[in-house]
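Every heavy atom of this structure was used, including side-chain atoms; hydrogens, water molecules and symmetry mates were not. Just so it is clear, the model here is predicted, and its values are computed rather than measured.
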Amino acid sequence: MHYLESPTRNLFFTGKGGVGKTSMACATAVRLADRGRRVLLVSTDPASNLDEVLGVTLSTKPTSVPAVDNLSAMNIDPEQAAAEYRERMVGPYRGVLPEAAVQSMEEQFSGSCTVEIAAFDEFARLLGDESATADFDHIVFDTAPTGHTLRLLTLPSAWSGFMEDNTSGTSCLGPLAGLQKQQAVYQSTVKSLSDASRTTLVLVTRPEASTLREADRTSGELRELGVENQALVINGNFEAQGESDPIANAMEQRCKEALTAMPSGLAQLQRTIVPLAPHGLVGIDSLRQLGSDETNVETATNEIASEERVSILEALPAPALIDQLAAQQHGVIMTMGKGGVGKTTIAAAVAVALAERGLKVHLSTTDPAAHVSATMAADELSGLTISRIDPAEVTEAYRQEVLQTAGDGLDEQGRALLEEDLRSPCTEEIAVFRAFADAVAEGEDGFVVLDTAPTGHTILLLDSALAYHREVSRQTNEVPESVRELLPRLRDPDFTRVLVVTLPESTPVHEAQRLQQDLRRAEIEPFAWVVNQSLSPLVVKDPILVGRQQSEGPYLREVFDQHAKQVVVIPWQIDPPIGIEGLRELIADKASC
C-alpha cells in the first residue's frame with residue numbers, strides 16, 4: 001500500500017459498488033493501528049458490513065475494536081442522516097405551504113442527491129469539528145464523496161438567495177433558507193479535501209475495463225475540483241495457479257489486457273495492486289493478510305455445499321426468460337443496476353435473442369465505448385436497430401432549450417445564475433431522462449431494449465412532478481408528452497419488464513435490493529433478477545476460484561429467498577461477450593448445469 005509510506009491524516013476511499021472499498025479501508029485502518037497510530041474508521045455505506053468484517057457491534061459513535069489496539073470504528077447511517085436532513089429542509093414549510101407542495105418536497109428529498117448531501121453533512125462534521133476527532137491521528141473514510149457530490153456543493157447558485165426568490169428556478173439542493181448556514185462548513189470541507197498535506201483520496205477499482213473507465217472519470221472530476229492528491233488501488237487482480245483450469249487462464253488474460261489498456265490518467269497515479277482473495281474478507285487476520293505476500297490460499301474442494309447448489313438448480317434458464325419476454329410482441333425491456341454489473345451486455349444479449357426470433361427490436365445504450373453497437377452493426381442482424389444516447393449531447397441540447405425558454409426575459413444576473421444552475425450534475429440526469437422517455441415511447445411499435453434506465457430517485461421525482469413539473473424539468477414551462485405518459489407506461493406490466501442485474505457478491509446484491517425498493521415505491525415491480533458473472537454453474541479447479549465459487553452461495557440464496565420472484569444466473573464467460581456470437585453464447589442455457 002504505497003499511499004501508507006507517508007500517510008496523511010485523512011484517507012478517503014471511493015469507487016464503484018463492489019470493487020472492495022470497505023476491504024481496502026479496513027485493511028488500511030488495521031495496518032495504521034498496528035503501527036501504533038490512533039485510527040478512526042468511518043463508513044457511510046447504507047449496507048455497511050464493518051461490524052461483520054471487524055467482529056464488533058458498531059454504532060454511530062466511535063467504538064473500540066478489541067482485536068486491534070488503537071483502532072475505533074463507527075457507522076454513519078446515510079438513510080437516517082437523509083431523513084433528518086429532509087426534515088430540516090421541509091419542516092419550516094409545514095403549515096406555510098399547501099400540503100400538496102410539502103408532500104412534493106418530501107418526495108424529492110427521498111432521492112440519491114439527498115442521501116449524498118446528508119452523508120456529506122456527517123463528513124463535514126468529522127472533518128470540520130476538531131473536537132470530534134481530536135483523539136485520533138488518522139481518519140479513514142469508507143465511501144468518500146464523489147465528484148458528483150462535490151460539484152453540487154460548489155455550485156454558486158446553490159447558495160444564492162436569488163434562486164429562492166425567483167419563480168423560474170430552484171436549487172437542486174432544496175429550499176435554500178435551510179442551507180445558508182451550511183455554506184461555510186461545506187466550503188471549508190471541500191477545501192480540506194483539496195489539501196494534499198492533510199488528505200489522500202484513494203480510488204479503488206478492479207482490473208476490468210468498465211471499472212477502470214469509471215475510476216478515470218471520477219479522478220478527472222475530482223482533479224477539476226482541486227482534489228489532486230490521489231492514489232490508485234487495483235483490487236482483485238488474478239493470476240492463475242497452474243495452467244490446468246481454462247477459466248482461470250482466461251480470467252488472468254482478461255486482467256492483463258485491462259491493465260495494459262488502462263486510461264492514461266490513471267496510469268500516472270501511484271498504484272497498489274492487490275491479488276484476488278479466495279473468499280470474503282472477514283476478520284482481522286484476513287485484513288492483515290490483504291495485499292501481503294503471505295496471503296494463504298486454503299485448500300478448497302470443488303464441491304459446493306448442498307444448500308448453495310440448490311440456488312443454481314432453482315434458476316430460470318435464460319432461454320425461458322426470453323420466451324416470456326417475447327410473448328409480449330412489443331413493449332419496453334429495461335436492464336437496471338449499479339455500474340459495473342454488466343447491464344449493457346445483458347441488454348444487448350436480450351436484444352439479439354429477441355431479434356433472432358424474428359421480432360422487431362431497437363436497442364438503446366449509453367455504453368461509452370459503443371463496442372457492442374459497432375460489432376452488431378457490422379454483423380447486420382436482421383430486425384435489430386441500435387442507437388446510443390450521448391449524455392453530453394442531450395444535456396447540451398436541454399441546456400439550450402431551458403435558456404431559450406425560462407431564460408428569456410431574465411436580467412444579466414438572473415441569466416448567469418440560471419446558466420450556473422444548469423451546470424449541476426442533476427441537469428444531465430434530467431436531460432438523459434427525457435431522452436429515455438422518448439425511447440420508451442417507441443415501445444408501442446415493437447420492442448425497445450434499454451440499458452439507460454433511470455434511477456429509482458428519478459422515477460420518484462417524476463411521480464411528484466406530474467403535479468409540480470417545474471421541479472422535474474428544472475426551469476422549463478412545459479412537460480413533453482413522452483414524459484407525461486412515461487410513468488403509466490413503466491407501471492404497466494404488460495408494456496414494461498424490468499430486469500434487475502447484479503453480481504453474486506454482497507455490495508451489488510444489497511445495492512440491487514435498494515434499487516428494487518425504490519422501484520416498488522414508484523409502483524414498478526421488477527420482472528426478474530439476473531445474477532451475472534457467476535462461477536457457481538461452472539467447474540473450476542484453481543483454488544482461489546473454488547473459494548470464490550463457494551462464497552457466492554449465501555448471496556445467491558439471499559436473492560432467491562428474499563428479493564426476486566424469478567432469477568436467471570449467467571455464468572462467467574471464458575470469451576468476452578462481445579459481438580453477435582458472444583452475446584448469443586451468454587444467453588445459452590447454462591444456468592442449471
Side-chain angles (χ1 to χ4, degrees), residues 321-337 343-344 346-367 372-373 376-377 380-391 393-394 397-398 401 429-456 458-467 469 472-473 476 478-501 519-520 522-528 530 583 587:
L321 175 67
I322 301 300
D323 287 340
Q324 294 179 13
L325 298 174
Q328 292 186 112
Q329 295 297 310
H330 73 98
V332 173
I333 300 165
M334 300 192 300
T335 56
M336 301 184 71
K343 58 182 182 292
T344 297
I346 297 299
V350 168
V352 167
L354 291 172
E356 290 191 323
R357 296 184 182 213
L359 298 166
K360 178 182 176 182
V361 184
H362 177 73
L363 171 65
S364 179
T365 177
T366 56
D367 176 20
V372 173
S373 174
M376 290 196 297
E380 296 183 352
L381 182 60
S382 176
L384 177 63
T385 58
I386 304 163
S387 66
R388 175 172 176 259
I389 295 176
D390 185 327
E393 181 179 309
V394 297
Y398 174 73
E401 176 189 334
E429 181 177 33
I430 296 299
V432 172
F433 178 64
R434 285 181 47 170
F436 162 81
D438 292 339
V440 167
E442 297 179 19
E444 298 288 351
D445 180 30
F447 279 104
V448 176
V449 182
L450 298 158
D451 85 308
T452 55
T455 64
T458 307
I459 292 172
L460 290 167
L461 191 62
L462 171 70
D463 196 10
S464 65
L466 292 176
H469 61 258
V472 67
S473 53
T476 60
E478 297 181 1
V479 176
E481 180 182 358
S482 62
V483 174
R484 288 199 307 269
E485 296 297 322
L486 177 58
L487 201 59
R489 285 172 172 148
L490 295 182
R491 285 173 169 167
D492 181 358
D494 293 326
F495 186 83
T496 297
R497 302 285 176 91
V498 174
L499 306 180
V500 175
V501 184
L519 288 170
R520 285 174 171 168
E523 301 178 27
I524 299 171
E525 184 62 32
F527 184 70
V530 178
L583 295 168
I587 297 296

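- Taking CG from Leu519 and CE from Met334, the interatomic distance works out to 7.0 Å, rounded to the nearest 0.5 Å.
- Smallest separation of non-hydrogen atoms from Val394 and Ala435: CG1-CB, 4.2 Å.
- Residues that satisfy the salt bridge (charged side-chain N to carboxylate O under 4.0 Å, His left out) test with Arg497, not counting sequence neighbours, are absent from this structure.
- Across every non-hydrogen atom of Ala347 and Asp451, the tightest pair is CB-CB, 3.8 Å.
- When each of Val361, Val530, Leu325 is paired with Val350, the side chain to side chain contact (heavy atoms under 4.5 Å, CB included) condition holds for Leu325 and for no other.
- For the pair Leu321 and Phe527, the tightest heavy-atom approach, listed with the atom from each and the gap, is CD1-CE2, 3.7 Å.
- Proximity of a side-chain donor or acceptor of Lys343 to a complementary backbone N or O of Gly337 within less than 3.5 Å is detected.
- A side chain to side chain contact (heavy atoms under 4.5 Å, CB included) with Ser364 holds for exactly one of Ile389, Ile386, Thr385; it is Ile389.
- A donor-acceptor contact shorter than 3.5 Å links the side chain of Thr496 to the backbone of Arg489.
- Partners of Glu442 according to the side-chain contact (heavy atoms from CB on, under 4.5 Å) rule, which considers only residues two or more places apart in sequence or in another chain, are His362, Val448.
- Between Phe447 and Ile333, the closest heavy-atom pair is CD2-CD1, 3.9 Å.
- Atom CG in Asp494 sits 13.0 Å away from atom CD in Gln329 (nearest 0.5 Å).
- Of the inter-residue distances, the one linking Leu583 atom CG with Ile346 atom CD1 reads 9.0 Å to the nearest 0.5 angstrom.
- Annotation for Gly443 and His330: closest pair O-ND1, 3.1 Å, computed over non-hydrogen atoms.
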